[in-house]
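Nothing here was measured: the structure is a model prediction, and the numbers come from that model.
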Amino acid sequence: MNYVYKTQGTCSSQITFELDGNIVKNIQFTGGCNGNLKGISSIVDGMTVEEIEKKLGGITCGFKRTSCPDQLAKAVRAAYNEQNK
């Protein structure tokens, strides 16, 4: 299923991705640091929600309390929880 997540506190404005069970695929960020976010998206493509949370959850960016990777971890968890209601 396709999901769109509106980010908060980051340069990117949204994240789109597919969730197949607990596997995350086809991640795309709108805005943010283009090359870095393409790299992150490529690296985590095919990982589980839990793997992404473990690797990316809690990462900060400069003085911010969050980051694009942290927002991705939040996005995939929210989508997984919504899918499994």
Side-chain donor-acceptor pairs under 3.5 Å in residues 72-80, sequence neighbours left out?
from, atom 1, to, atom 2, distance (Å)
Arg77, NE, Glu53, OE1, 3.4
Arg77, NE, Glu53, OE2, 2.9
Arg77, NH1, Asn81, OD1, 3.4
Arg77, NH2, Glu53, OE1, 2.8

Checklist entry - Would you say the side-chain atoms of Thr7 pair up with the backbone N or O of Ser13, donor to acceptor, closer than 3.5 Å? => result yes
Next on the checklist: Can you list everything that forms a side chain to side chain contact (heavy atoms under 4.5 Å, CB included) with Thr16? Sequence neighbours excluded, please.
Outcome noted: Val4, Gln14, Gln28
Checklist entry - Which distance, rounded to the nearest 0.5 Å, do you find between the CG of Asn36 and the OG of Ser12? => result 11.5 Å
Checklist entry - Quick one: ring-ring contact (aromatic ring centres under 6.0 Å, His included) pairs with a partner in residues 36-56, sequence neighbours left out? => result none
Next on the checklist: Applying a strict under-4.5 Å side-chain criterion to I, L, V, M, F, W and Y, I'd like to know whether Ile23 and Val44 cluster together.
Outcome noted: no
Item to check | CA sep, side-chain torsions, deciding dist, call: Met47, Val24, side chain to side chain contact (heavy atoms under 4.5 Å, CB included) | outcome: CA-CA 6 Å; Met47 284 186 178; Val24 182; 5.9 Å; no
Checklist entry - What pairs meet the salt bridge (charged side-chain N to carboxylate O under 4.0 Å, His left out) rule with one or both residues in residues 21-45, with sequence neighbours excluded? => result Asp20-Lys25
Side-chain donor-acceptor pairs of residues 56-69 under 3.5 Å, sequence neighbours excluded:
from, atom 1, to, atom 2, distance (Å)
Thr66, OG1, Asp70, OD2, 2.6
Thr66, OG1, Gln71, NE2, 3.0
Ser67, OG, Ile59, O, 2.8
Ser67, OG, Asp70, N, 3.1

Item to check | Point-to-point distance, once rounded to the nearest 0.5 Å, from CZ of Phe29 to CG of Asn34 | outcome: 11.0 Å
Next on the checklist: Measuring from atom CD1 of Ile52 to atom CZ of Phe17, what distance do you get when rounded to the nearest 0.5 angstrom?
Outcome noted: 8.5 Å
Next on the checklist: Determine whether Gln83 and Leu19 satisfy the following criterion, side chain to side chain contact (heavy atoms under 4.5 Å, CB included), listing intermediate values before the conclusion.
Outcome noted: CA-CA 9 Å; Gln83 174 181 276; Leu19 189 59; 3.8 Å; yes
Checklist entry - Residues in side-chain hydrogen bond (donor to acceptor under 3.5 Å, both in side chains) with Ser41, at least two apart? => result none
Next on the checklist: Are Thr30 and Ile15 packed together at the side-chain level, in the sense that at least one heavy-atom pair is separated by less than 4.5 angstrom?
Outcome noted: no
